[in-house]
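Small disclaimer: the values here were computed from a predicted structure and weren't measured.
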Amino acid sequence: MIANRGEIAIRVSRAANELGRRTVAIFAEEDKLSLHRFKTDEAYRVGEGLGPVKAYLAIPEIIAIARQSGSDAVHPGYGFLSESPEFAEACIAAGLVFIGPRPETMRLLGDKVSARNVASAAGVPVVPATGALPDADTPEGAAAIHELAAGVGYPLMLKASWGGGGRGMRPIRTPDELIDGVRAGSREAAAAFGKGDVYLEKLVERARHVEVQILADRHGGLVHLFERDCSVQRRNQKIVERAPAPYLDAAQRAEIVELALKIARHARYELAGTVEFLMDIDSGAFYFIEVNPRIQVEHTVTEQVTGIDIVKAQIRLAEGARIGDVAESGVPAQADIRLNGHALQCRITTEDPLNNFIPDYGRITAYRGATGFGIRLDGGTAYSGAVITRYYDSLLEKVTAWAPGPEEAIRRMDRALREFRIRGVATNLVFLENLINHPDFIANTYTTQFIDTHPELFRFPRRRDRATKLLNFIADITVNQNPEVAGRPRPHEHAKAPKPPKLRAGAPPPGLKQMLTEKGPQAVAEWMLAQPQ
């Protein structure tokens with residue numbers, strides 16, 4: 001059973017089907033038309049009356065559906081319950097295999113404060129930080145928070161102790177911002193993860209975000225699949241990811257993967273995980289940030305450059321397969337894992353870059369994706385007729401480009417982004433084009449502050465939008481008729497006296513002109529398509 005929705009649910013279902021496993025989906029009422037429920041062998045509605053997000057957090061009901069459907073394993077995907085040790089324990093108690101780390105490992109590493117202690121014990125450098133903060137709503141708690149912040153030193157980064165995806169994160173540069181920032185971050189973390197614990201970390205101003213993919217079996221086998229660059233972020237949300245990090249040399253690459261393995265060994269890690277680091281550009285030092293004990297959104301770029309299907313590996317390793325036995329697990333020994341070329345992933349979202357990236361909702365009226373050599377698409381809601389709701393993350397589709405080198409991968413991605421045609425909702429496509437073609441991105445000189453410090457990324461060329469022009473023309477002719485033939489006699493009028501015009505079947509109704517004025521050409525076009533041929 002796949003305890004998730006959207007893109008990752010489809011990704012897991014495909015991997016399981018290729019392994020000959022039957023799959024089960026769950027879906028909230030608001031997702032009854034979602035594509036992921038039709039990509040599995042069975043699908044069950046979950047969380048009736050709970051709402052769109054809480055439905056996917058309803059542990060007792062999800063476990064009951066797993067047992068009812070005859071499932072013997074549960075894959076949590078990313079987000080929702082993927083980092084919940086309580087969910088992992090509930091699966092195990094019900095006799096289900098949880099495709100993820102052991103619950104005690106999730107507790108050890110899922111809490112970022114605890115994970116920092118693990119890193120320190122393993123001899124891995126960490127950024128100076130506080131422990132979990134006290135309640136900011138009490139005078140005593142607020143005073144303690146000010147004292148803790150002063151001990152670390154401004155500027156600071158507020159982070160959620162649990163979960164990922166940038167939820168609860170915000171920079172705090174002065175004491176005046178501190179308490180309000182802590183309160184807002186705690187509320188955001190509680191809404192996203194069910195836990196409002198937050199902590200403060202020293203903000204490294206000129207930094208890159210580098211993460212290492214690891215895989216471990218149930219028998220002590222452990223490997224890394226090299227690193228990814230995730231520095232291009234907006235509001236602490238990753239937008240573009242690359243593998244390998246194009247700015248690391250061989251010595252730096254060897255250093256960071258060994259740091260990741262140290263933490264994994266110390267925590268006795270199992271299955272797939274990601275160890276994340278900040279790289280101080282000025283000193284070249286790596287600092288541990290956190291461990292994500294799950295599959296990552298950006299796992300695609302690692303798969304492209306190593307040839308290893310990470311989701312299949314998760315399933316096989318959970319069944320007891322050993323790393324090094326390629327026929328059994330799909331994962332070679334460390335010495336046989338090689339990098340091949342460069343991969344670049346862009347996250348296409350339904351956000352309007354012309355309007356401060358406000359999420360957009362509605363029906364996709366036209367969709368054409370990119371294709372061709374070296375292009376991979378991963379999505380769960382991108383197709384003509386799909387309804388984009390306001391309930392979930394704005395991620396629409398992930399496009400990954402592979403090429404022998406970074407420059408060619410960027411050019412291939414640029415071509416792919418220009419091939420997309422998505423109508424009906426706003427997307428960030430034009431912003432992504434600006435980003436990957438920026439000289440600093442091409443030269444690998446960007447940091448995590450790249451987007452915030454380059455306003456030129458938000459200057460967009462005027463779009464020609466030929467499709468809307470065509471709709472306007474068709475709608476105008478349908479309603480107002482063609483002005484070039486107005487007043488001309490029709491052929492039958494030469495032979496007989498004109499008759500009063502009749503409204504023929506399928507002709508524009510009297511209110512069509514008002515429809516054009518009030519609702520626009522799209523409404524007229526939809527009316528036209530609904531008429532008998």
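- When all heavy atoms of Pro293 and Tyr269 are compared, the pair lying nearest together is CA-OH, 2.9 Å.
- Listed for the Thr23 side chain is no donor-acceptor partner under 3.5 Å among the backbone atoms of Ser13.
- The line from CE of Met413 to CD1 of Ile410 is 9.5 Å long, rounded to the nearest 0.5 Å.
- Checked for salt-bridge contact, Glu319 and Arg316 miss the test: no charged N lies under 4.0 Å from a carboxylate O.
- There is no side-chain donor-acceptor pair under 3.5 Å between Tyr78 and Asn292.
- Lys312 pairs by the side chain to side chain donor-acceptor pair (under 3.5 Å) definition with Glu18, not counting sequence neighbours.
- A salt bridge links Glu83 to Arg294: at least one charged side-chain nitrogen sits closer than 4.0 Å to a carboxylate oxygen.
- At distances below 3.5 Å, at least one donor-acceptor pair connects side-chain atoms of His299 with backbone N or O atoms of Gln296.
- Counting only distance, with no hydrogens or angles, the side chain of Asn444 and the backbone of Leu248 share no donor-acceptor pair below 3.5 Å.
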Side-chain donor-acceptor distances from residues 91-109 under 3.5 Å, at least two apart:
residue	atom	partner	partner atom	Å
Arg102	NE	Glu270	OE2	3.4
Arg102	NH1	Glu104	OE2	2.9
Arg102	NH2	Thr105	OG1	3.2
Arg102	NH2	Arg268	O	2.6
Arg107	NH1	Glu89	OE2	2.7
Arg107	NH2	Glu89	OE1	3.2

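- For the atom pair CG (Leu435) and CZ (Arg234), the distance works out to 11.5 Å, reported to the nearest 0.5 Å.
- Applying the salt bridge (Lys or Arg N to Asp or Glu O under 4.0 Å) rule to Asp309 yields the partners Arg11; only residues at least two apart in sequence or on another chain are considered.
- Remark: Lys195 pairs with Glu86 by the salt bridge (Lys or Arg N to Asp or Glu O under 4.0 Å) rule, at least two apart or across chains.
- Residues satisfying the salt bridge (Lys or Arg N to Asp or Glu O under 4.0 Å) test with Lys398, not counting sequence neighbours, are Glu7.
- Applying the salt bridge (Lys or Arg N to Asp or Glu O under 4.0 Å) test to Glu276 and every residue at least two apart in sequence or in another chain returns Lys238.
- Glu188 has a carboxylate O that lies under 4.0 Å from a charged side-chain N of Arg170, or vice versa, which qualifies the two as a salt bridge.
- Other residues, nucleotides and ligands contribute over 12 non-hydrogen atoms within 6.0 Å of the CG atom of Asp41.
- Checked against side chain to side chain donor-acceptor pair (under 3.5 Å), Asn4 has no partners two or more places apart in sequence or in another chain.
- For residues 321-333, no pair satisfies side-chain hydrogen bond (donor to acceptor under 3.5 Å, both in side chains), with sequence neighbours left out.
- When the shell of 6.0 Å around CZ of Arg415 is examined, it contains more than 12 heavy atoms from other residues, nucleotides or ligands.
- Donor-acceptor pairing under 3.5 Å is lacking for the side chains of Thr302 and Gln213.
- Sorted by first and then second residue, the ring-ring contact (aromatic ring centres under 6.0 Å, His included) pairs involving residues 214-250 (not counting sequence neighbours) are His224-Phe226.
- A salt bridge does not link Glu30 to Arg5: none of the charged nitrogens lies less than 4.0 Å from a carboxylate oxygen.
- With ring centers used as reference points, Tyr367 lies 6.0 Å or more from Tyr383.
- For the side-chain contact (heavy atoms from CB on, under 4.5 Å) test, residues two or more places apart in sequence or in another chain that qualify with Ala144 are Pro134.
- Contacts of Thr427 classified as side chain to side chain donor-acceptor pair (under 3.5 Å), with partners at least two apart in sequence or in another chain: none.
- To the nearest 0.5 Å, the span separating CG on Asp217 from CG on Leu317 amounts to 6.0 Å.
- Checked for salt-bridge contact, Glu258 and Arg265 meet the test: a charged N lies under 4.0 Å from a carboxylate O.
- Under the salt bridge (charged side-chain N to carboxylate O under 4.0 Å, His left out) rule, Glu227 has a single partner from Arg208, Arg242, Arg253, which is Arg253.
- Taking a cutoff of 4.0 Å between a charged side-chain nitrogen and a carboxylate oxygen, Arg116 and Glu201 qualify as a salt bridge.
- Residues passing the side chain to side chain donor-acceptor pair (under 3.5 Å) test with Ser82: none are found, sequence neighbours excluded.
- Side chain of Glu48 to main chain of Glu29: no donor-acceptor pair is present (N/O by atom type, distance under 3.5 Å, no hydrogens or angles).
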